[in-house]
Amino acid sequence: MGPRAWLPAAAAVLLLAGCHHGGGASARASAARFVAQVPLSSPGFPPDAATAKDRLARLTVEWGRNWQTYKRENFGRYWSDDTDAVGGRNGCDTRDDVLRRDLSELREGDRNPCVVVSGVLHDPYTGKTLPYSYSKASQIQTDHVVALGAAWRGGAYAWTPQRRLAYANDLDVLLAVDKQTNQDKGSRTADRWQPPRAEYRCEYARRYVGIKVKYGLSVTPPEKTALTGMLATCR
């Protein structure tokens, strides 16, 4: 059994315990402490600009492969907490983990600390201020900074299904962003899409390169040129 393999079952017990009267507050506090044990980002991620530039120079440069075989299901059909990726095995849905990390003015569930009841996203891609409410339709989506299709072309086609599932649910790969902007981005790589808000392009490139390095993904020549240009804007 892996070092965190016991987490989902234990989390489920704690969270369910919070749904009963009598001792509910104590169970909820225990669940909240349990959930808080799992970090929502890796130490040192994203890399600073100098580190990102150095690591970009070391990435394999080649044209994408096997693009015609890509299917979304290759990375799992749904969000999964059952991975060793950042945020995994804490008993919470991956999307809720992203919201808990990225939203301000956060209000979590009274009984279930995984559930985000409300909050505000200051969208990094556009600068928009987007309210979130659990009970209403949201203009917030979860973006894979290096899209799944792009990851596939850059080497994920050769991974095991479990590694692809981990990638799809790794909080280092994910950002809460404006829904329409995310849809406009689609599976485009850095040479074909950059955040409309120019002030964020430095951090976007740092995250992008950090993901490529973390998972050993290649970059295409135009992709490398675009990332180099964005990193040049870092101050």
Side-chain angles (χ1 to χ4, degrees), residues 1-9 11 38-47 52 55-56 58-102 114 140-177 179 182-183 185-193 204-220 222-224 227:
M1 181 178 291
R4 290 197 291 166
W6 56 275
L7 287 174
V38 180
L40 300 182
S41 61
S42 293
F45 189 91
R55 292 177 178 174
L56 176 60
R58 300 168 186 266
L59 287 175
T60 299
V61 180
E62 62 183 9
W63 295 103
R65 301 180 181 179
N66 296 313
W67 58 267
Q68 70 279 8
T69 61
Y70 167 71
K71 295 180 181 178
R72 172 61 180 87
E73 308 89 81
N74 292 332
F75 289 83
R77 289 183 177 274
Y78 309 104
W79 295 121
S80 175
D81 187 48
D82 189 22
T83 78
D84 289 322
V86 178
R89 306 192 194 285
N90 67 349
C92 299
D93 180 90
T94 302
R95 184 171 185 271
D96 279 331
D97 278 336
V98 173
L99 292 174
R100 289 192 301 115
R101 185 196 62 190
D102 292 352
C114 291
I140 299 171
Q141 284 189 344
T142 306
D143 178 42
H144 292 88
V145 174
V146 177
L148 301 182
W152 179 266
R153 297 188 298 272
Y157 61 84
W159 296 350
T160 64
Q162 187 61 31
R163 183 168 173 79
R164 288 196 288 266
L165 185 68
Y167 181 89
N169 290 274
D170 187 336
L171 299 189
D172 285 348
V173 178
L174 301 169
L175 280 179
V177 299
K179 177 179 179 179
N182 185 43
Q183 292 175 351
K185 177 194 172 194
S187 292
R188 292 179 177 86
T189 48
D191 54 305
R192 296 179 176 273
W193 187 92
Y204 181 75
R206 288 165 47 211
R207 286 184 174 275
Y208 199 105
V209 170
I211 293 164
K212 289 275 187 173
V213 171
K214 181 175 183 177
Y215 282 91
L217 296 168
S218 63
V219 290
T220 65
E223 200 175 10
K224 183 174 182 179
L227 290 166

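Quick caveat, the model's predicted, so the values are computed rather than measured.
- Atom CG of Asp170 is separated from atom CG of Asp84 by 11.0 Å, given to the nearest 0.5 angstrom.
- When atom types are taken as modelled, the side chain of Tyr208 and the backbone of Ala190 share a donor-acceptor pair closer than 3.5 angstrom.
- The CD1 atom of Ile140 sits 9.5 Å away from atom CG of Asp102, with the distance rounded to the nearest 0.5 Å.
- In this structure, Arg206 contributes its side chain and Ala52 its backbone to no donor-acceptor pair below 3.5 Å.
- Residues Pro222 and Trp63 come closest through the heavy atom pair CD-CH2, 3.4 Å.
- In terms of heavy atoms, Asp97 sits closest to Cys92 at OD1-CB, 3.5 Å.
- With respect to Arg89 and Asp82, a salt bridge is recorded, a charged nitrogen being found less than 4.0 Å from a carboxylate O.
- Annotation: side chain of Val98 is not in contact with side chain of Trp79 (no heavy-atom distance under 4.5 Å).
- For the 3.5 Å distance criterion, the side chains of Ser80 and Asn169 fail to qualify, holding no donor opposite an acceptor.
- With values rounded to the nearest 0.5 angstrom, Thr189 atom OG1 is found 5.0 Å from Glu223 atom CD.
- When every heavy atom of Val86 is checked against every heavy atom of Pro39, the shortest pair comes out as CG1-O, 3.8 Å.
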With a 3.5 Å cut-off and sequence neighbours excluded, list the donor-acceptor pairs that the side chains of residues 141-157 form with protein atoms.
from, atom 1, to, atom 2, distance (Å)
Gln141, OE1, Asn182, ND2, 2.8
Asp143, OD1, Lys185, NZ, 3.2
Asp143, OD2, Tyr125, OH, 2.6
Asp143, OD2, Lys185, NZ, 2.8
His144, NE2, Ala168, O, 2.8
Trp152, NE1, Asn66, O, 2.8
Trp152, NE1, Thr69, OG1, 3.1
Arg153, NH1, Gly149, O, 3.3

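- Taken to the nearest 0.5 Å, the CG atom of Leu99 stands 11.0 Å off from the CG atom of Leu40.
- Separation of atoms NZ (Lys224) and CD (Glu62) is listed at 12.5 Å; rounding is to 0.5 Å.
- Counting all heavy atoms, side chain and backbone alike, Leu56 lies closest to Val209 at N-CG1, 3.9 Å.
- Arg207 and Pro46 get closest at one heavy-atom pair: CG-CB, 3.7 Å.
- Note that the OH atom of Tyr167 and the CD atom of Gln162 stand 16.0 Å from one another [nearest 0.5 Å].
- In terms of the salt bridge (charged side-chain N to carboxylate O under 4.0 Å, His left out) criterion, Arg72 has no residue partners (sequence neighbours excluded).
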Residue pair Thr94, Thr83: steps toward the side chain to side chain contact (heavy atoms under 4.5 Å, CB included) verdict | CA-CA 10 Å; Thr94 302; Thr83 78; over 6 Å; no
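- Checking side-chain atoms of Arg101 against main-chain N and O of Leu171 turns up a donor-acceptor pair under 3.5 Å.
- Side-chain contact between Ser41 and Asp172 is present, with at least one heavy-atom pair separated by less than 4.5 Å.
- Nearest heavy atoms, Lys214 versus Ser42: NZ-OG, 3.5 Å.
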